[in-house]
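Chain identifiers are assigned alphabetically (A, B, ...) following the order of the sequence lines, protein sequences preceding nucleic acid strands; residue numbering begins at 1 within each chain. As the structure is a computational prediction, the values presented were derived from the model and not from experiment.
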Amino acid sequence: MLDFSKIEEKWQSRWFTEEVHIAKLGPQKKYFIHFAYPGISGYLHVGHMRGFTYADIIARFKKMSGYNVCFPAGFHASGLPAISLAKRVARKNKQTIGYLKENGCPPEIIPTLSNTNAVIDYFSQVYVEDYWKKFGFLIDYSRLMTTISPGYQKFIEWQFKKLNEKKLLIQKPHFAPFCPNCGPVAVDKSETDISQGGNAEVLEFTLIKFRMDDLVLPAATLRPETVFGVTNIWINPTVEYTKIRVNGEKWIVSKDAVKKLSAQIENIQITNETIPGNKLIGKKCTVPLLDREVPLLPATFTDPKIATGIVMSVPAHAPYDYVALKESKENIQPRAIIDIKGYTIPAEGICKKMGIKSQKDTEKLDKATEEIYKKEFHQGVLNKKCGKYAGIKVSEIKDRVKNNLLDTNKGGIMMEFSEQVQCRCGETVIIKKIPDQWFIKYSDKDLTLKSKHHVSTMNIYPQEYKEELQKVLDWFDDRACIRKGSWLGTGFPFKKSWIIEPISDSTLYPAYYTLSQYVNQKKIKADEMTPEFFDFVFLGKGTPKKQIWNEIKKSYDYWYPVDINLGGKEHKTVHFPVFIMNHVALLPPQKWPRGIFVNWWITQTSGIKISKSKGGAEPIPGAVHRYGVDPLRLYYAHVCSAHVDIEWEEKTLEQYKRKIIKIWRFVHNLLEIKGTAESIDEWLSVSINAEINYINKELENYHLREAATHIYFEINKILQWYIRRGGKNHDLLRSIITTWLRTMAPFTPHIAEEIWEKMGNTGFVSTETYPRYNPALSNQKVLTKENLLIQVIDDISEILEVTKIKPSRIYLHTSPPWKWTMATMACDLKEKGKLTISNLLNTFFARPDLKQHAQEASRFAQKMYRIMQNPTAMEVYQQEINEKSYLQETKGFIKNMVNAPQIDIYNAGDDKAPDPGNKKKVAEPLRPAIYLE
RNA sequence: GCGGGGGUACCCGAGCGGUCAAAGGGGCAGGGCUUAGGACCCUGUGGCGUAGGCCUUCGAGGGUUCAAAUCCCUUCCCCCGCACCA
């Protein structure tokens, strides 16, 4: 029986003790592959293994194809995840402890994980020992590194100094999510730092200052251009408003807004004066730019938690305002200021159309708002009520009105989330303005252009991403690259106590793998890794201070650049772009990355990405135990294309496990066969050789799935057919299986090794060369003949099924010679690009001996012409094969397959051949006439 | 808004101009094996057909082509990313 874990342990231990995985400099072509290193945030799950497995399969294939492969890995320890895990352990958070236990964390380890460094040490060891090694990955473990090691930090410092020298570090104001308790937080879908609001977007509200005596009502809007259509201001009568002083002005805003504005505007003074909303109602204020007076009216939809809590009302264009105005019963007419087709007063129109009656009907109102907004944005033009802006398209006006308001101190800016965001500590997350934030200037024109051009020369999988990536580079803007707070990472060299953020310290890192093993072996110490050292190693500047510098430089020169960087689709818009741009910015062109491979995700049955917070994550050791590593590897490689999401389903995994077992048994059965040569042998060799050709081509293009289909399914089928056809050549089978195992080795290495050894081979199949196409073995005729046989059996079977005849005798008439002649002539003409029906007939009749077939020739020429339009037809018809003799040879087999006692085979060109069914005339090349009786 | 992807038989998923009624799995049906069940192995799985064929299908509607699931246009629907999350 096949014991997966036993052979896994056996071969893994042998590979690693014999150091199959270690990358050493050599004379061969090098191949450098790595995957986007995982962040240290806890246990990984089966979803992560998908990409890692692809990397290992590719690395193994390249190794077997004669490349000297370097496949390093590391850990991204920067940022918050490790800290937050440690904090949760320290707090004895129940969920966290439970999660650790469930994943098999030893009880004595758990308390130690309240320390961040312990988290990093523990999990990096788990990743290596429990995941990567258990999957048999031939990662060069002597190069492991983490982003918070002293050597790496030296490397990052050097990188930022270089960026600064290149004028790619700039300073400007920035708005960032911020928790008053915890400092900067990340707002993202996976909700790492927050407990609510992962879908929030950052919106830019324009504050429009409506004046009321000496007071300012800063109404917040996303559509400043509609200021011309304001008819009133909405105040929530149930809300207590607060007065604040802003640059000598007195503003009225909601209480919630005070905190937010203080984080964004300097010099805000909070007064103790409050004013209830209902006291404001009925007063009047002035619309800026127009100097019209409008009243303050009550509206319950005005939410004090959103922006300033003061809303300007544009009933002609905002459905909410329109409905609220109707409900207020005020005698105020909407002022339509934007013309669009189909509406005179858009908000009124859509409310009537959708039957909206109340401002509480928020679902419909949201829909109406969206529809009107889209229409107005795309088709709308400001009308004459807008003074000097009349005639301008809405899509162009927004910023102009906003800037005009700002320039004349009639407005301001407020950044706000589209929904409430809650920090994990319980506090509401706000947006803070950092006046002098440091950025990496990814908007740099020259850098963008060079990067885009380089991308166009790269190997990118999937192909579509190549174009997408160039577009991403176009809109990729400057990135805030440092933060203040308790984060793991490298200190920023130009601003004390600020730390480089986790994306920015993970861009050039594969270069560090070319020297990490020297650090690990203590051949160089972190404090020796000065800027001069990196200048020398990476840029060839200066002179080496020590011999080891030369050695390290040699390693870098040999292995770099990256041939493939492999990562999940989540990296498409951030990691991969910065990975490329930093290389382009800092290194010479010959060191720029050559390839990117993007893999999609494993999702839960519902289509949700598997994640720790959303659940559904199957722990890796459990899956290894249940299904076995080789089945898992084959599953990843074969279940679907690498560039599409797939749901994790137990049944599917079981299926792959069975598939491996079947192959295991099948191979063993084949090896038991002790016969000698048969005529079908040649077909087997030729077919396998054709498969090898195909598999190599697919693998060279990183089509792992397609290659796996042929290795595990097509070759299997071919061998099955061989056996059915009576093949039993022991020596040939052994040699074919040897080849087959080598094709499997990158995908399912353990089982391949195990059989390899059982067959008495020495060494590792993993270090053998990958099977290569042998042109001498290519023989289309052999394949065509066998296909003829299959076709004949298929046809007979179909006839039997349709007619329900139990045949006592079958007549086969193979194609008359003249039809073959015409077929080969057609191929000839096709090859010369001269194939037309008339050319074909002319060529044909040029031969006097063929004139006798004039009557049928024209019809057959038409048919042949049609067949030849198929590009694969040429190789099939190019060489005439002796159909009759092949069928004669295989007659016994056909009889068996179709269950017929007697088969008589003739050539249709033979006038004396009996033709009881009058079928002879339909015989064509590779389609013999068939008659049953 | 910007950018990307996708809609394929009962289901999951390949295919991305000719070998396509469409790989591979699952499910279902029949047969073999077995004391029985499971596992395993065959066969079938759009419709019609007493001759290897014909007809209809790859979201919908048009078009290009000798030939389209595959290319183009229009249209409907779904999914994803948009930045301090790696």
How far, in whole Å, is [M] from [N] if one measures between their [atom1] atoms?
| N | M | atom1 | answer |
| --- | --- | --- | --- |
| B:C71 | B:G25 | P | 27 Å |
| B:C76 | B:A14 | C1' | 25 Å |
| B:A68 | B:C20 | C1' | 11 Å |
| B:G15 | B:C79 | P | 23 Å |
| B:A23 | B:C16 | P | 14 Å |
| B:U64 | B:G17 | C1' | 12 Å |
| B:A69 | B:C55 | P | 14 Å |

Of all the choices, [options], which nucleotide is nearest to the side chain of [X] once you look at every atom?
| X | options | answer |
| --- | --- | --- |
| A:Cys640 | B:A14, B:U50, B:G52 | B:A14 |
| A:Thr803 | B:C12, B:U19, B:U50 | B:U50 |
| A:Asp477 | B:A83, B:G13, B:A86 | B:A83 |
| A:Val644 | B:G13, B:A51, B:A83 | B:G13 |
| A:Asp795 | B:G52, B:U43, B:C82 | B:G52 |
| A:Pro928 | B:G52, B:G13, B:A51 | B:G52 |
| A:Arg927 | B:G53, B:C66, B:A83 | B:G53 |
| A:His76 | B:U19, B:A86, B:G81 | B:A86 |

Problem - Heavy atoms from other residues, nucleotides or ligands near CG of A:Asp399 exceed 12 (cutoff 6.0 Å) - result: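 Result for CG/A:Asp399: enclosed.
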Handout entry: A:Lys919 to A:Tyr811, cation-pi by 6.0 Å centre distance and 45° axis angle
Key =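 Relative to the ring axis of A:Tyr811, which defines the angle, A:Lys919 lies outside at least one limit.
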Problem - A:Gln171 side chain vs A:Asp436 backbone, donor-acceptor pair below 3.5 Å - result: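 Yes, because the side chain of A:Gln171 sits within donor-acceptor range (under 3.5 Å) of the backbone of A:Asp436.
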Handout entry: A:His638 and A:Phe713 aromatic centres sub-6.0 Å
Key =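 When the ring centroids of A:His638 and A:Phe713 are compared, they turn out to be within the sub-6.0 Å range.
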Exercise for the section: Run through A:Met864, A:Met874, A:Met868 and flag the one making a side chain to side chain contact (heavy atoms under 4.5 Å, CB included) with A:Leu835. Expected result: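 Only one of A:Met864, A:Met874, A:Met868 forms a side chain to side chain contact (heavy atoms under 4.5 Å, CB included) with A:Leu835, namely A:Met868.
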Handout entry: Euclidean distance, atom CD1 of residue A:Ile602 to atom C1' of B:G13 [Å, nearest integer]
Key =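 Interatomic distance, CD1 of A:Ile602 to C1' of B:G13: 13 Å.
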Exercise for the section: Using atom CG of A:Leu800 as one end and atom P of B:G44 as the other, report the distance to the nearest whole Å. Expected result: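 In whole Å, B:G44 P lies 14 Å from A:Leu800 CG.
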Using atom names, set out every protein N or O paired with an N or O of nucleotides 23-26 of chain B below 3.5 Å, distance rounded to 0.1 Å.
{"unit_1": "B:A23", "atom_1": "N1", "unit_2": "A:Arg705", "atom_2": "NH1", "d": "3.4"}
{"unit_1": "B:A23", "atom_1": "N1", "unit_2": "A:Arg705", "atom_2": "NH2", "d": "3.0"}
{"unit_1": "B:G25", "atom_1": "O3'", "unit_2": "A:Gln655", "atom_2": "NE2", "d": "3.1"}
{"unit_1": "B:G26", "atom_1": "OP1", "unit_2": "A:Gln655", "atom_2": "OE1", "d": "3.1"}
{"unit_1": "B:G26", "atom_1": "OP1", "unit_2": "A:Gln655", "atom_2": "NE2", "d": "2.7"}
{"unit_1": "B:G26", "atom_1": "O2'", "unit_2": "A:Lys651", "atom_2": "NZ", "d": "3.3"}

Contacts under 3.5 Å, N or O only, protein and nucleotides 1-4 of chain B:
{"unit_1": "B:G4", "atom_1": "OP1", "unit_2": "A:Lys471", "atom_2": "NZ", "d": "2.3"}
{"unit_1": "B:G4", "atom_1": "O2'", "unit_2": "A:Glu468", "atom_2": "OE1", "d": "3.1"}

Practice task
Using the salt bridge (charged side-chain N to carboxylate O under 4.0 Å, His left out) rule, take A:Glu649 and A:Lys651 through it: C-alpha gap first, then chi angles, then the decisive distance, then the call.
Solution key: CA-CA 5 Å; A:Glu649 281 183 305; A:Lys651 274 201 310 205; 6.0 Å; no
Need the pair for [N]. Rule: Watson-Crick or G-U wobble, both distances under 3.5 Å, any strand; none if unpaired.
| N | result |
| --- | --- |
| B:A22 | none |
| B:U45 | B:G27 |
| B:C82 | B:G1 |
| B:C58 | none |

Exercise for the section: Would you classify A:Ala480 as touching base, sugar-phosphate or nothing, given that sugar-phosphate means primed atoms plus P, OP1 and OP2, and contacts are heavy atoms under 4.0 Å? Expected result: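 Touches a base.
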